[in-house]
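A short write-up of the structure that comes next.
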Protein chains: 2
Amino acid sequence: MIRMIPNKVNTSKYFAFMYNIALFQGIKKEDLNEFFAKMQIEQYHKGEIQQFNPKQHSKLYIVFKGTFKLTNTNVDGDEIVLSLFSAGDAVTPLYFSPYFDVSAGFIEDTILFHFKENDVQRFVKNNHQFSMNNIKFLANSVQNLMITNTVLQLKTAKERVGWFLAHGKINNNSELPVSKNIIASFLGITPESFSRALSSLKNDGVTINNKIIQLDNGDELCKYCDRVTGSNCSLFRTEPCAHY
Amino acid sequence: MIRMIPNKVNTSKYFAFMYNIALFQGIKKEDLNEFFAKMQIEQYHKGEIQQFNPKQHSKLYIVFKGTFKLTNTNVDGDEIVLSLFSAGDAVTPLYFSPYFDVSAGFIEDTILFHFKENDVQRFVKNNHQFSMNNIKFLANSVQNLMITNTVLQLKTAKERVGWFLAHGKINNNSELPVSKNIIASFLGITPESFSRALSSLKNDGVTINNKIIQLDNGDELCKYCDRVTGSNCSLFRTEPCAHY
DNA sequence: ACTAAACCTTGATATAAATCAAATATATTA
DNA sequence: TAATATATTTGATTTATATCAAGGTTTAGT
């Protein structure tokens, strides 16, 4: 990991990016600028793994560029992917227990902005909107994890893959965000099952070429979609929708 | 569901209970009393099901008495248990998406205290400690859900049951909090598999009699324990501990 | 552009847990 | 307390997916 100090050119670029992050919406620019002045930049290389030991990592991170997976390793050494992060996402190991040992595994070269615990705490304390945004952010994480939970308990391998693809499609990612084996691990299945699920979906009109998802009709994934994700879909509550 | 207005005797009992809830720690009693004055009491009977439609239920609930399960039903009609709540727990459907359709299923006669959205929002806005407590509460939920997630992806049926029992043991519940089939659903397995897992655990020295968990040695469940839960265990980092 | 490594697919087989079915135990209600 | 409903256990069978194994493809680095 390399720490950098932003130069002037970068600063304006970085700040412009940060103004659009959900966590910072509705806050006066002068307050944000004061807070952003404290941010540090960390650069990670593909393949690096960073323990989220809260002693060193009681922080707030924003992903500026790149992709990483949040993982947890069990006693047997098996790794599971808890979630995936890319540009614009926020992570708050700030609030994790010191005994919760998750790691960040960098899938691409990645640039993170980070804030130290004290600075975040102070900003939460002094800025009501920021504290509200934190609440919204965390509540949203709770909801997403509950949905993931449902998917993991309920679905067959094919349904899980279908759900993942539907999710991506609705959020306008017609491209797989990471390699198939990482998605498989996130969905709690093996790469082999993932591959077989995809070949079964191919018969239903869902093709993946070079990580690009293509649909024959456009509604092939509707049956796999959850209601919260679906509410952002252009087909929501129209005839093909599962929640019609 | 029955709505009640607390009478004077109840009020002092209820308030005393509420002062101990994590969400209200570190807040001046006068501020709490003002907030608590707005609380309503809802009484539910065993077997009742209540949709958490956020239009009607944009609220904060505290469980005073009883037990309920938060459930989600899929397209096939299968029900999965997302989490279990009992006295002292808090639920904040306040922050759920209107499209996230979870229900509360009451397992015993239950008394909930509830606060309306506007009152909560105002208190969050005016009381910094309360907003911090909300952040902590939600962050803790995030962490617990991530742990549940790991358990659901990683463990065999026996390991899941072992984890659940270890969890209960460490939190001093040597009694199963709900019936076995509800726990099975929470763990994402069938009642049959749950039963077989228990009979396998019996060979390892874990017996369940009338919902009471008994351990021959006391360390039989250590191998199933996660690190965060384990950090509250008297055996943490001693020889039998999985995280030694 | 070449080579090595990482990733993906396909097939054969094994296996854990679901399903189906029936019996037993426990809890609830009249 | 009996009658009924609900929950739990146990056994037999099926099934989805993991595992094992090998071949093919893509990616990354020199």
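Computation of the quantities below employed the complete heavy-atom set of this structure, encompassing side-chain atoms and omitting hydrogens, waters and symmetry-equivalent molecules. Each chain gets a letter, A, B and so on, in the order the sequences are listed, and its residues count up from 1.
Distance, I189(B) CD1 to dA16(C) C1': 12 Å, rounded to whole Å. Distance K46(B) NZ to dT28(C) P: 4 Å, rounded to the nearest Å. E192(A) places its CD atom 8 Å from the P atom of dT19(D), with the value rounded to the nearest Å. Rounded to a whole Å, the CD1 atom of I208(B) is 17 Å from the P atom of dA7(D). Spacing between atom CD1 of I107(B) and atom C1' of dA27(C) amounts to 16 Å, rounded to whole angstrom units. Distance CZ (R196(A)) to P (dT17(D)): 11 Å, rounded to an integer number of Å. Atom CD1 in I80(B) sits roughly 17 Å away from atom C1' in dA18(C) (whole-Å rounding). Counting to the nearest Å, the P atom of dA17(C) and the CD atom of Q153(A) are 14 Å from each other.
Comparing dT9(C), dC8(C), dA17(C) against the side chain of T156(B) picks out dA17(C) as the nearest. Of all nucleotides listed (dT9(D), dA18(C), dA7(D)), dA7(D) comes nearest to the side chain of S179(B).
Distances shown here put a side-chain N or O of K180(A) below 4.0 Å from the OP1 or OP2 atom of dT9(C). Close to dC8(C), at under 4.0 Å from its OP1 or OP2, lies a side-chain N or O of N181(A). For the pair K211(B) and dT26(C), the criterion of a side-chain N or O lying under 4.0 Å from OP1 or OP2 is not met. Between T190(B) and dA18(C) there is a side-chain polar atom (N or O) within less than 4.0 angstrom of OP1 or OP2. Look at S193(B) and you won't find any side-chain N or O under 4.0 angstrom from OP1 or OP2 of dA17(C).
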message: Quick one, F68(B) with Y44(B), criterion ring-ring contact (aromatic ring centres under 6.0 Å, His included). Give me CA distance, side-chain angles, the key distance, then yes/no.
response: CA-CA 10 Å; F68(B) 70 93; Y44(B) 293 88; 8.0 Å; no
- request: Any chance you could lay out the side-chain contact (heavy atoms from CB on, under 4.5 Å) test for F164(A) and F186(A), step after step, and finish with the verdict?
  value: CA-CA 10 Å; F164(A) 186 88; F186(A) 174 66; 3.9 Å; yes
- prompt: After noting the C-alpha distance and the side-chain angles of F64(A) and M18(A), does the key distance pass the side-chain contact (heavy atoms from CB on, under 4.5 Å) rule?
  reply: CA-CA 9 Å; F64(A) 174 64; M18(A) 293 286 271; over 6 Å; no
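Nucleic acid contact class of L198(A) (heavy atoms, under 4.0 Å, all strands): none. Nucleic acid contact for G47(B): none, since no nucleic acid atom lies under 4.0 Å from a heavy atom of the residue.
Contact annotation: side chain of R160(A) to base of dT17(D), donor-acceptor pair absent below 3.5 Å.
With the nearest nucleotide of DNA chain D identified for both A157(A) and S195(B), S195(B) has the one nearer the 5' end.
In this structure, OG on S103(A) lies 8.5 Å from CD on Q50(A), to the nearest 0.5 angstrom. A distance of 9.0 Å separates SG in C225(A) from NE2 in H167(A), rounded to the nearest 0.5 Å.
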